[in-house]
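Notes for the one structure printed next.
Both counts, for ligands and for their atoms, begin at 1 and track the order of listing. Counting from 1, the numbers follow the sequence of the chain as shown.
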Amino acid sequence: MKAIVCTKYGTPDVLQLQEAAMPIPRDNEVRIKIYAATVTPADCSFRSADPFIVRLVYGLIRPKNNILGVELAGEIESAGKDVTGFKAGDRVFGISPASFGAHAEYKCLPEDAPLAVIPANATYEEAAGLCDGALTALVFLRDTANIQRGQKVLIYGASGSVGIYSVQLANYFGAEVTGVCSSANIELVKAMGADKAIDYTKADFTKNGETYDIILDAVGKRSFSNCKGSLKQSGVYLTTVPTLGIMLHMFRTSKTGGKKARFTASGLKQNKENLNFLRELFETGKIKAVIDRRYSLDQIAEAHRYVETGRKKGNVVITVGRNLATQITRI
Ligand SMILES: NC(=O)c1ccc[n+]([C@@H]2O[C@H](COP(=O)([O-])OP(=O)(O)OC[C@H]3O[C@@H](n4cnc5c(N)ncnc54)[C@H](OP(=O)(O)O)[C@@H]3O)[C@@H](O)[C@H]2O)c1
């Protein structure tokens, strides 16, 4: 099969389209023919070993997993003899947080992995996109912050992948949603359900006197100390980016009443139920996929370069198995 192979850490140029061994499903596994996958800031971190801690977990000298990519959508091509929940031809979406491998034509996953049938009305690209920001947003807002109807929720970095799905999910859960983004993305953030949108190049939300039940910093640009004054008395600050600071604040605020600081690694908390939940929301039109750009597998270095600008809106998607070299779509 064709795959993007990463044998050393470095710039996007280390990513090479190569022939790789076809994965063979174990008895409890399915083999998925991948049609779409995402490129995320995490993929860029794993590729570049930045931050350094990546090396401690994923290989000190070189990456242990040579094929990157976590979120995928495709079709079940074959199934091991013990698999009962899927059959060849099922259209599926899901994640492979431990072994990666989504930037390839095929991937084997255990039947009980976070894998489910994709929304009936979704393209493979849309389904892969949901596996990125929407799954993350769900774990942060519903499971970590216990979002409630009527709460005031502020999403910082509202136009990125985590941000734009957080806006939509907070809206779905009945919150009053404020999105913070740059001027260029104000209309997008409002169109995705934000009641208010603040342009961070013109105004600082921490200085406007408003307080929120939940502040989700989806891009890790504002600290707990920075946001504390904008939290209600029992408000929660969440960040998607792990730092020593957030770990210390998390520990400290877990021992006291009042305002809390929280980080979570959402990939470790995913399951079929979350995917089925998103499928239902997508099928009933309660959330939409936001796809900024599409690249073909052989354009993956270009996709990494774009993601590394930190300016993508929603998802960047890799379309596998079809030549989309001339179809880069901008929203
Ligand atoms: N903890 C977890 O489980 C988990 C899961 C998924 C992702 N993450 C992490 O979460 C972070 C966000 O991921 P993502 O995929 O959502 O990122 P992303 O899509 O690449 O974020 C890009 C967006 O960030 C916005 N942005 C850039 N600088 C900003 C600033 N100073 N203030 C406000 N917005 C800014 C940009 O909007 P403008 O152009 O309008 O500025 C752009 O739309 C990454 O670090 C990722 O690794 C963590």
Side-chain angles (χ1 to χ4, degrees), residues 37-51 53-54 57-58 68-71 95 97-98 114 128-145 154-169 178-190 192 194 197-206 215-223 226-227 237-243 246-247 250 261-270 274 289-293 303-317 330-331:
T38 56
V39 175
T40 67
D43 293 322
C44 298
S45 291
F46 295 137
R47 188 212 72 233
S48 59
D50 180 15
I53 195 170
V54 164
V57 184
Y58 296 104
L68 301 179
V70 171
E71 300 84 11
I95 61 168
L130 293 179
C131 293
D132 173 21
L135 274 182
T136 302
L138 188 60
V139 165
F140 271 87
L141 289 174
R142 185 195 63 187
D143 304 341
T144 311
L154 180 135
I155 311 294
Y156 192 85
S159 52
S161 175
V162 178
I164 206 72
Y165 292 103
S166 295
V167 166
Q168 296 185 70
L169 284 175
T178 300
V180 183
C181 58
S182 70
S183 323
N185 294 320
I186 292 282
E187 290 314 314
L188 171 69
V189 167
K190 281 188 185 161
M192 290 298 131
I198 298 175
D199 181 345
Y200 69 78
T201 66
K202 296 188 178 142
D204 182 349
F205 77 90
T206 64
I215 295 176
L216 168 54
D217 180 359
V219 285
K221 302 284 185 194
R222 307 295 293 250
S223 64
N226 194 225
C227 296
Y237 162 89
L238 307 159
T239 180
T240 55
V241 178
T243 58
I246 186 62
M247 296 308 167
M250 241 173 103
R262 293 273 184 274
F263 162 80
T264 192
S266 66
L268 305 177
K269 302 189 171 164
Q270 298 301 352
N274 288 354
V290 178
I291 298 177
D292 185 347
R293 294 188 184 188
H304 273 241
R305 279 187 205 99
Y306 181 56
V307 171
E308 280 181 334
T309 65
R311 299 264 87 87
K312 81 173 162 67
K313 305 175 242 297
N315 305 118
V316 164
V317 174
R330 295 190 175 87
I331 52 171

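- The residue among G163, G160, G220 with a heavy atom at the shortest distance from atom 21 (O) of ligand 1 is G160.
- Using a 30° and 60° split on the angle between ring planes, Y156 and Y200 fall in the tilted class, from 30° to 60°.
- Looking at S183, A137, S161 and measuring to atom 14 (P) of ligand 1, the nearest heavy atom belongs to S161.
- Checking side-chain atoms of S161 against main-chain N and O of G133 turns up a donor-acceptor pair under 3.5 Å.
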Take Y165 and N315 through the side chain to side chain donor-acceptor pair (under 3.5 Å) test and state the conclusion after the steps. CA-CA 10 Å; Y165 292 103; N315 305 118; 2.6 Å; yes
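- Contact annotation: A265 has at least one heavy atom less than 4.0 Å from an atom of ligand 1.
- When T136, T309, N185 are checked for heavy-atom proximity to atom 5 (C) of ligand 1, T136 turns out nearest.
- The backbone and the side chain of K312 each have at least one atom closer than 4.0 Å to an atom of ligand 1 (non-hydrogen atoms only).
- Side-chain N or O atoms of K190 include none that pairs as donor or acceptor with a backbone N or O of M192 at under 3.5 Å.
- For S159, a nitrogen or oxygen atom sits less than 3.5 Å from a nitrogen or oxygen atom of ligand 1, counting backbone and side chain alike.
- The closest non-hydrogen atom to atom 16 (O) of ligand 1, taken over V162, V219, V290, T201, comes from V162.
- Scanning all protein heavy atoms for the shortest distance to atom 2 (C) of ligand 1 gives T264 O, 3.6 Å.
- Counting only heavy atoms from C-beta outward, the side chains of I164 and V189 approach each other to under 4.5 Å.
- Residue-ligand proximity, F263 to ligand 1, at heavy-atom distances under 4.0 Å covers atoms 1 (N).
- The nearest non-hydrogen atom to atom 28 (N) of ligand 1, considering only R311, K313, Q270, comes from R311.
- Below 4.0 Å from some heavy atom of V241 lie the following atoms of ligand 1, by number and element: 45 (O).
- Per-residue contacts place S182 under 4.0 angstrom from the following atoms of ligand 1 (heavy atoms of the residue considered): 38 (P), 39 (O), 40 (O), 41 (O).
- Classified by interplanar angle (parallel below 30°, tilted 30° to 60°, perpendicular above 60°), the ring pair F46/Y58 is perpendicular.
- Between the choices A218, G314, S266, the shortest heavy-atom distance to atom 12 (C) of ligand 1 belongs to A218.
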